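For reference, the structure discussed in these notes is given below.
Sequence positions, counted from 1, serve as the residue numbers for this chain. Predicted model only: the values in this text are computed from it and were never measured. When a ligand or atom number is given, it counts from 1 through the structure's own listing order.
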Amino acid sequence: MSELLKVSDLSVRLKHSSRAIVQPISFALRTGRVLAIVGESGSGKTLTCKALMQLLDTKKFVLSGSIQFKGKELLSMAEKDIHIWRGKKIAMVVQNPMTAFNPTIRIGSQIVETIRAHQKLGKKEAYAAGIRALERMNLPRCEQLMNSYPDSLSGGMLQRIIIALSLIHDPDILIADEATTALDVKNQNLVLEEFEKIKSSGIGILLVTHDFGVVAKLADDMIVMRQGEIIERGTVFDIFSSPKEKYTKKLLEASNLTRGEAK
Ligand SMILES: Nc1ncnc2c1ncn2[C@@H]1O[C@H](COP(=O)(O)OP(=O)(O)OP(=O)(O)O)[C@@H](O)[C@H]1O
């Protein structure tokens, strides 16, 4: 297992403030592993992901520390080079799939446009690449899906389409920020099955979630964040079996999970 991502002393603060909202944090992600980031609302999980993707507005936020992707420093990378890895080597899926699509345009046209924004392909080739991406996710009736409008599909189906699209450039890392939160149990399970397959293909997954059930099903390792700091880290099994921090115990108790549910 090789190291894909190495985050060292990453901190995020607002420009006009001296206090960091993400304190210097360090962690690593390896191939074929799922690292869960858990913590209560406002603990800094999403800011951490956005910092990794360099999606934070530099007029507003100051980042320091180091983010190495396969040994290459990303934080000092020039803006013009960021597109080489963002969305390609490191892809991200977020919470609400409904907002990712324009409701007035058929799914297929949006997929074709997304693909052509990143790759020099004609419309027909991009359409074929879109179909292949959907088929790879085992989505049913892909031609029909391409012809559909977003609001005729369930949130789970849209999320699986987004995941399919996020994999189109064969990323090494997938960041999933509450990607299953808005879904019902059935769709959540389907998406988790996709993540299992993605993981076994060797992609490293950074999984942000409130849901310890999702952590138990999918993650290998976890970090617990509170007020911008990592307060506990370890394997999911160890933390579920014997959490050290009171805060972690409370989160686990609130989730009603037992040690038997960790892998
Ligand atoms: N654009 C912003 N401007 C100012 N403060 C922000 C901004 N985005 C987030 N914050 C603050 O940073 C802190 C961490 O927010 P973040 O969204 O990372 O939390 P989170 O752990 O992802 O929460 P949730 O689980 O609710 O998504 C919060 O106190 C939040 O208010």
Side-chain angles (χ1 to χ4, degrees), residues 5 7-27 29 34-67 74-75 79 82 86 90-100 155 159 162-163 166 173-184 188 191-192 195 204-219 221-234 236 239 243 245-257:
L5 192 70
V7 175
S8 312
D9 294 326
L10 173 69
S11 77
V12 180
R13 71 173 169 82
L14 288 166
K15 229 168 202 173
H16 60 259
S17 160
S18 55
R19 203 187 135 266
I21 36 186
V22 174
Q23 308 286 338
I25 59 171
S26 302
F27 59 90
L29 178 65
V34 177
L35 172 67
I37 306 183
V38 302
E40 66 192 358
S41 193
S43 56
K45 305 180 299 292
T46 295
L47 276 187
T48 300
C49 294
K50 287 188 175 168
L52 298 179
M53 293 294 281
Q54 299 202 23
L55 288 171
L56 293 175
D57 182 357
T58 50
K59 287 193 201 94
K60 189 167 178 184
F61 293 98
V62 180
L63 273 66
S64 61
S66 160
I67 302 170
L74 298 185
L75 260 194
E79 182 66 33
I82 289 175
R86 184 168 58 206
I90 308 181
M92 185 163 167
V93 183
V94 295
Q95 181 170 354
N96 196 341
M98 293 293 180
T99 57
Q159 191 64 296
I162 290 169
I163 295 167
S166 72
I173 295 173
L174 181 67
I175 299 178
D177 187 356
E178 301 284 4
T180 56
T181 305
L183 308 179
D184 58 35
Q188 191 178 84
V191 169
L192 289 178
F195 283 152
I205 301 179
L206 198 62
L207 179 79
V208 172
T209 183
H210 279 101
D211 187 336
F212 278 73
V214 170
V215 175
K217 279 184 193 148
L218 194 68
D221 308 294
M222 64 191 276
I223 53 185
V224 183
M225 286 187 76
R226 185 189 187 194
Q227 292 175 1
E229 283 181 86
I230 295 178
I231 57 146
E232 186 153 7
R233 69 177 74 226
V236 171
I239 293 184
E245 296 292 325
K246 233 193 219 167
Y247 176 77
T248 313
K249 280 180 199 160
K250 273 196 180 154
L251 290 177
L252 275 166
E253 277 161 18
S255 75
N256 286 324
L257 283 179

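- One finds the CG atom of Leu14 at 9.5 Å from the CZ atom of Arg19 (value rounded to the nearest 0.5 Å).
- Protein heavy atom nearest atom 7 (C) of ligand 1, with residue, atom name and distance: Phe61 CZ, 3.9 Å.
- For the pair Ser41/His210, a side-chain contact is recorded, criterion being any heavy-atom separation below 4.5 Å from C-beta on.
- Checked against a 3.5 angstrom limit, the closest N/O atoms of Ser41 and ligand 1 fall inside it.
- Using a 4.0 angstrom heavy-atom cutoff, Met225 does not count as in contact with ligand 1.
- Between the CG atom of Asp177 and the NZ atom of Lys45 there is a distance of 8.0 Å, given to the nearest 0.5 Å.
- Protein heavy atoms are found inside the 4.0 Å sphere centred on atom 1 (N) of ligand 1.
- The nearest heavy-atom contact from the protein to atom 17 (O) of ligand 1 is Thr46 CB, 3.7 Å.
- Residues Leu10 and Leu75 have side chains in contact (heavy-atom distance under 4.5 Å, counting atoms from C-beta outward).
- Within ligand 1, the atoms closer than 4.0 Å to a non-hydrogen atom of Glu40 are 21 (O), numbered from 1 in the order shown.
- Considering only heavy atoms from C-beta on, Thr48 comes within 4.5 Å of Phe27 through its side chain.
- Scanning all protein heavy atoms for the shortest distance to atom 13 (C) of ligand 1 gives Gly42 O, 3.7 Å.
- Of the polar atoms of Leu47, at least one N or O is found under 3.5 Å from an N or O of ligand 1, judged by distance alone.
- With a 4.5 Å cut-off on side-chain heavy atoms, Ile25 and Glu229 do not count as touching.
- Here the shortest heavy-atom pairing between Lys59 and Asp57 reads N-OD1, 2.9 Å.
- Around NZ of Lys15, the count of heavy atoms belonging to other residues, nucleotides or ligands within 6.0 Å exceeds 12.
- Of the protein's non-hydrogen atoms, Lys45 NZ, 2.8 Å is the one closest to atom 25 (O) of ligand 1.
- Panel note: side chain Ser26, backbone Asp9; a donor-acceptor pair is recorded below 3.5 Å.
- Contact atoms of ligand 1 toward Ile21: 12 (O) (distance under 4.0 Å to a heavy atom of the residue).
- Below 4.0 Å from some heavy atom of Ser43 lie the following atoms of ligand 1, by number and element: 19 (O), 20 (P), 21 (O).
- Ligand 1 places these atoms under 4.0 Å from at least one heavy atom of His210: 25 (O).
- Looking only at protein heavy atoms, the nearest one to atom 3 (N) of ligand 1 is Lys60 NZ, 3.0 Å.
- Residues Leu52 and Ile90 are not in side-chain contact: their nearest non-hydrogen atoms beyond the backbone lie 4.5 Å or more apart.
- Protein heavy atoms are absent from the 4.0 Å sphere centred on atom 30 (C) of ligand 1.
- Of the candidates Leu14, Asp177, Thr181, it is Leu14 that places a heavy atom closest to atom 4 (C) of ligand 1.
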